[in-house]
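For the numbers below, each heavy atom of this structure counts, side chains included, while hydrogens, waters and symmetry mates do not. Chain letters run A, B, ... following the sequence lines, proteins first and then strands; every chain starts at 1.
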There are 4 protein chains.
Amino acid sequence: MTIKRIAVLTSGGDAPGMNAAIRAVVRSATSNGIEVVGVRRGFQGLHEGDMSLLGPRDVANTIQRGGTILLTARSRTWRSPEGRALGAEHLRKWHVDGLVVIGGDGSFHGAHYLMEEHGIPVIGLPGTIDNDLYGTDHTIGYFTAVETALDAVDKLRDTGASHERIFVIEVMGRHAGHIALDVAIAGGAEEVFIPEDEKPVADIVHVIQESLRKGKASSIVIVAEGYPGGAMGVAKAIEDGTGLETRVSILGHIQRGGTPVSSDRILASRLGEAAVQAFMDGISGVMVGRTNGEISYTPLQDTWEKRKDVNRDLYRCAKLLSV
Amino acid sequence: MTIKRIAVLTSGGDAPGMNAAIRAVVRSATSNGIEVVGVRRGFQGLHEGDMSLLGPRDVANTIQRGGTILLTARSRTWRSPEGRALGAEHLRKWHVDGLVVIGGDGSFHGAHYLMEEHGIPVIGLPGTIDNDLYGTDHTIGYFTAVETALDAVDKLRDTGASHERIFVIEVMGRHAGHIALDVAIAGGAEEVFIPEDEKPVADIVHVIQESLRKGKASSIVIVAEGYPGGAMGVAKAIEDGTGLETRVSILGHIQRGGTPVSSDRILASRLGEAAVQAFMDGISGVMVGRTNGEISYTPLQDTWEKRKDVNRDLYRCAKLLSV
Amino acid sequence: MTIKRIAVLTSGGDAPGMNAAIRAVVRSATSNGIEVVGVRRGFQGLHEGDMSLLGPRDVANTIQRGGTILLTARSRTWRSPEGRALGAEHLRKWHVDGLVVIGGDGSFHGAHYLMEEHGIPVIGLPGTIDNDLYGTDHTIGYFTAVETALDAVDKLRDTGASHERIFVIEVMGRHAGHIALDVAIAGGAEEVFIPEDEKPVADIVHVIQESLRKGKASSIVIVAEGYPGGAMGVAKAIEDGTGLETRVSILGHIQRGGTPVSSDRILASRLGEAAVQAFMDGISGVMVGRTNGEISYTPLQDTWEKRKDVNRDLYRCAKLLSV
Amino acid sequence: MTIKRIAVLTSGGDAPGMNAAIRAVVRSATSNGIEVVGVRRGFQGLHEGDMSLLGPRDVANTIQRGGTILLTARSRTWRSPEGRALGAEHLRKWHVDGLVVIGGDGSFHGAHYLMEEHGIPVIGLPGTIDNDLYGTDHTIGYFTAVETALDAVDKLRDTGASHERIFVIEVMGRHAGHIALDVAIAGGAEEVFIPEDEKPVADIVHVIQESLRKGKASSIVIVAEGYPGGAMGVAKAIEDGTGLETRVSILGHIQRGGTPVSSDRILASRLGEAAVQAFMDGISGVMVGRTNGEISYTPLQDTWEKRKDVNRDLYRCAKLLSV
């Protein structure tokens with residue numbers, strides 16, 4: 001089948017670089033003589049038929065913008081077969097030959113059902129700050145989220161160095177510790193707590209005491225939001241165990257915004273182009289990712305069923321360098 | 001009396017630009033043939049005699065650094081006359097003719113007692129992110145803290161625009177709303193809650209509903225930490241009153257760190273120089289500030305006893321522009 | 001006369017914060033029941049009638065954006081009386097009661113003629129990074145330009161400290177040295193060359209030699225673009241006089257862009273509101289500025305005929321602190 | 001042989017992340033019971049014996065700093081066998097079992113000779129913003145340099161969008177186009193000129209004319225410093241061919257400084273640890289790099305003799321997305 005028109009939507013939590021991905025889809029398609037329909041507000045907008053044609057100029061000056069010009073929304077109606085049927089109908093009415101879904105695993109579920117139930121070819125692009133999708137080394141938005149959290153750690157380091165304090169910082173990542181681990185290494189943290197390791201929170205007491213003994217002016221502890229108890233739990237353990245005061249910082253949604261850093265823009269550009277190429281090559285039902293620097297295709301189901309572990313070498317390294 | 005040697009310390013919560021102030025004191029003094037003694041860890045270090053000579057090269061490459069190279073600490077011993085007597089003795093032993101204290105009102109209290117009880121000439125420099133000192137238009141660190149909080153608001157704005165959400169952001173400022181007000185205007189917030197105005201939190205419900213009616217994609221609400229109930233209280237009022245979900249972000253100590261922005265460095269440089277000049281002119285017992293672009297002197301006691309109101313024009317303006 | 005509708009345009013070189021000013025004009029007007037017409041591409045667009053109504057939602061999410069949503073252009077046709085007559089006709093056709101011109105002295109000339117020749121009430125808002133307008137302490141965009149240049153100086157400082165090098169950085173400012181002076185103080189520069197002081201460039205040789213003698217690892221020299229010979233001339237003088245290698249950096253238009261810092265947004269918000277208020281109060285033919293923290297009105301002609309000197313105290317201070 | 005003590009130096013142009021690499025070497029070594037000697041000012045300092053022991057606390061609070069705490073210098077004496085013999089003697093006198101050299105190909109030459117002539121085991125770590133070393137996917141400092149240049153492009157984009165202008169930006173990279181290519185993709189540039197492609201500069205005229213025809217408000221052209229003629233040559237070709245005005249921006253050494261971004265800190269941390277491990281495993285004479293996410297070893301000579309091409313997929317993608 002020759003592809004003449006594709007649609008694109010962003011879904012779930014937004015991530016910096018989503019606009020770069022939309023732009024890449026639109027411009028790659030245009031370069032190949034394919035039209036693009038932009039669907040607003042994710043699956044909710046697809047359900048409601050909130051869509052229009054997108055040309056190369058419509059995505060001009062968007063590559064550096066956080067958020068998503070197509071908006072996203074959590075859709076309840078999409079969970080019902082009737083809701084999805086209506087979405088499929090809109091796509092057919094617009095003569096769409098394939099749909100690019102930029103989002104995380106929840107979004108890929110939605111895409112998967114659309115393909116299964118209605119035969120609409122779909123391709124997923126990994127758009128989430130959490131980096132928790134199997135089948136790609138990194139997700140679009142991840143690098144920026146790490147940078148935002150790291151910037152906060154650097155600022156705390158200033159004030160920590162002045163005051164001899166213990167800072168506990170909670171970073172995003174849902175059920176995964178990727179952001180926490182990268183921030184811990186890059187931020188020179190004394191300790192990091194991630195859901196992938198079940199070490200007891202009490203260990204931290206010993207770490208802090210060692211730090212003080214070694215003459216460290218302050219301690220920085222990174223906690224992934226998915227670690228049981230979160231930053232508050234870890235802070236309490238420290239205060240109970242050492243009698244020292246701690247300061248908790250919870251960055252929250254700030255990590256989802258901001259101008260995307262170069263790595264996210266480049267990844268988004270490369271994947272957006274590859275998604276269009278995949279449709280042209282007759283490929284669908286997959287997430288297009290980047291693995292070891294090369295484009296890779298992973299069946300949508302694998303992206304959420306298979307587990308992507310944190311980098312164990314980095315985890316070990318983080319420990320070693322906090323000496 | 002000819003001034004031959006002065007001492008300088010930083011005290012209380014640290015603020016970006018403190019290093020620029022220390023540098024200015026050291027270099028202005030040197031330019032005028034005066035030696036400088038740096039006291040580490042504030043009044044606690046003064047009490048313990050933790051001090052040494054500081055030359056122009058010792059403050060090289062510090063102007064851009066957050067925190068304070070002299071460190072700060074909260075001192076309990078300083079609260080007792082005996083503690084202060086010991087500090088005064090150290091200063092005399094070092095042949096110090098005057099002491100520059102960079103900090104907030106708590107630090108100025110400490111300086112005031114030192115002068116009252118032991119006749120040590122002191123000069124205060126306003127070093128606090130809170131901008132809550134009477135006698136200066138701005139305090140050193142204030143501009144950077146506003147910028148840090150604004151950066152967070154900008155990032156939330158990205159994700160807010162994508163998601164149709166309500167964000168409630170708590171910013172620092174102790175008992176004052178200066179930071180909150182500036183961030184609200186510069187961040188284009190829908191509403192701001194400051195300690196200086198007792199408007200009922202329930203008002204926000206109407207504001208949010210109006211926002212939605214006008215088609216605003218998201219709402220940003222700034223809350224000063226000194227507003228009763230803080231961000232959590234305001235968020236609860238919104239959720240109870242509108243049934244809409246909110247996201248709370250509490251920036252915390254991040255606002256105390258970071259590379260100082262130009263305005264803080266320039267203010268610090270100017271005030272540091274003026275402090276040395278003041279001693280040379282026989283002036284002491286005052287805070288050196290900047291009022292309407294000119295150096296001003298305010299008796300230390302006035303800095304905490306007189307009230308510095310928020311800019312009412314700005315407050316009115318914030319309301320007008322959120323239409 | 002009751003004001004029912006005003007127009008707004010941006011003209012000349014763009015400056016960060018222009019969007020915040022447009023937004024403030026639109027929203028203040030709306031709050032007061034006044035309609036606003038946005039003119040695109042400055043006087044060129046006015047000449048061509050390229051204009052449309054702007055409502056509060058049209059300026060949503062623009063306060064943090066660099067550049068100007070109304071675009072600017074240099075207009076040749078505006079220099080002729082016929083060109084201006086056509087512009088005046090467009091304004092009358094649109095029933096505009098007053099025009100807000102955001103720009104620098106060239107733009108104010110254009111506005112001045114429009115009022116003189118056609119009786120259209122105009123108000124100028126100082127929108128230029130150069131801070132070279134008499135009648136306001138600061139211009140919109142100035143703070144951001146200083147911050148951008150300072151950020152570059154900080155980066156050079158890193159590499160300078162590693163390498164024992166001399167960096168010569170040229171910053172913008174047209175015929176004025178405001179940006180250069182602020183960057184020099186905040187950047188801890190060894191020397192600054194501004195058009196307002198005619199000191200011989202050869203002086204720098206002595207300064208550099210002194211720096212080396214004192215053990216400074218590197219030297220940073222700031223040159224205003226308006227200083228005769230610019231950075232290249234100063235660099236040559238250093239190389240000829242000391243035999244040392246220099247590195248020249250010319251930032252250029254980068255200084256005109258970027259997210260506006262808080263001080264520019266607040267100034268723009270305040271002045272935008274005051275411009276609308278001025279029209280309502282029957283005031284026109286003036287630039288609305290901020291002087292000593294208060295709104296001030298200056299006849300347009302004074303803004304370019306009277307001279308605004310650099311802050312001589314700062315200039316002296318810069319010298320003192322580079323010891 | 002059991003490794004008891006190693007030395008580390010930074011050499012050549014400095015790069016953000018060098019401090020993170022030094023820190024990782026020091027702390028990994030300490031964790032493994034190995035002492036570390038820090039050599040100041042690269043091979044020049046090694047020649048002069050300017051070295052001392054470095055402990056874990058000496059590298060505290062350095063991970064976020066640009067530049068290098070060990071300083072670098074270009075050494076003339078090192079080019080002579082006598083100079084190198086003296087350096088080797090210093091290392092033996094300090095009982096050093098191996099030397100880690102952080103730098104680019106020039107530095108690796110110096111290390112190579114030291115090993116060849118004096119049998120000192122050496123390991124190279126890729127520390128250069130240019131990313132021009134064979135044997136590693138990325139070099140330490142590269143990511144930050146791209147980010148710095150991209151930040152400048154984003155700012156030009158603001159002002160370009162307002163003014164309908166053509167910006168030509170020259171970025172670093174020596175004889176390679178890696179930085180230019182990444183900046184071009186991430187910055188959404190219309191065209192990029194790199195040394196690796198010999199396309200005629202006249203092509204740009206057609207590109208610019210097409211851009212205007214398509215309604216693009218402005219054009220951004222990235223030129224690698226290694227492209228013949230540089231930014232000035234390309235700008236002249238555009239002006240000659242189109243009659244349009246261009247603005248040239250030459251970032252220069254700014255790209256070598258700044259706080260390292262997370263990717264550079266993580267890479268540096270990982271490689272620093274791996275260098276120590278390599279010595280412990282009896283490996284030397286190689287550069288330790290990261291290839292496809294894994295640690296890789298490349299004979300020092302290969303790093304400069306074999307050619308590392310730019311990513312051709314990205315190069316093609318850059319073209320496709322500028323439509």
TODO: Return the option, out of I69(A), T148(A), D154(A), I169(A), with the maximum number of heavy-atom pairs under 4.5 Å with chain B.
DONE: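 Looking at each option in turn, the highest pair count goes to T148(A).
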Open item on the list: I need the residue from P16(A), G66(A), G13(A) with the largest number of non-hydrogen atom pairs under 4.5 Å to chain B.
Closed with: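 Answer, by heavy-atom pair count under 4.5 Å with chain B: G66(A).
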Task: Which atoms of L70(A) approach chain B - backbone, side chain, both or neither, heavy atom under 4.5 Å - done: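 Nothing of L70(A), per the 4.5 Å heavy-atom cut-off to chain B.
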Open item on the list: Is T10(A) in contact with chain B via its backbone, its side chain, both, or neither, using a 4.5 Å heavy-atom distance?
Closed with: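 Contact with chain B: none, neither part.
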- [ ] Could you grab the distance from atom CG of D158(B) to atom CD1 of I254(A), nearest 0.5 Å is fine?
- [x]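 Nearest 0.5 Å value for the CG-CD1 distance: 11.5 Å.
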- [ ] Look up atom NE2 in H253(A) and atom NZ in K155(B), then write down how far apart they are to the nearest 0.5 Å.
- [x]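 One gets 15.0 Å once the value is rounded to the nearest 0.5 Å.
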Task: Between S249(B), A15(B), G258(B), the one whose heavy-atom pairs under 4.5 Å with chain A are most numerous - done: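 Ranked by heavy-atom pairs under 4.5 Å with chain A, first place is G258(B).
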Task: Heavy-atom contact with chain A under 4.5 Å, split by part of R65(B) - done: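 It is neither, since no heavy atom gets under 4.5 Å.
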Task: Shortest non-hydrogen separation from T159(B) to R256(A) and the atoms involved - done: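 Taking every non-hydrogen atom into account, OG1-CB, 3.8 Å.
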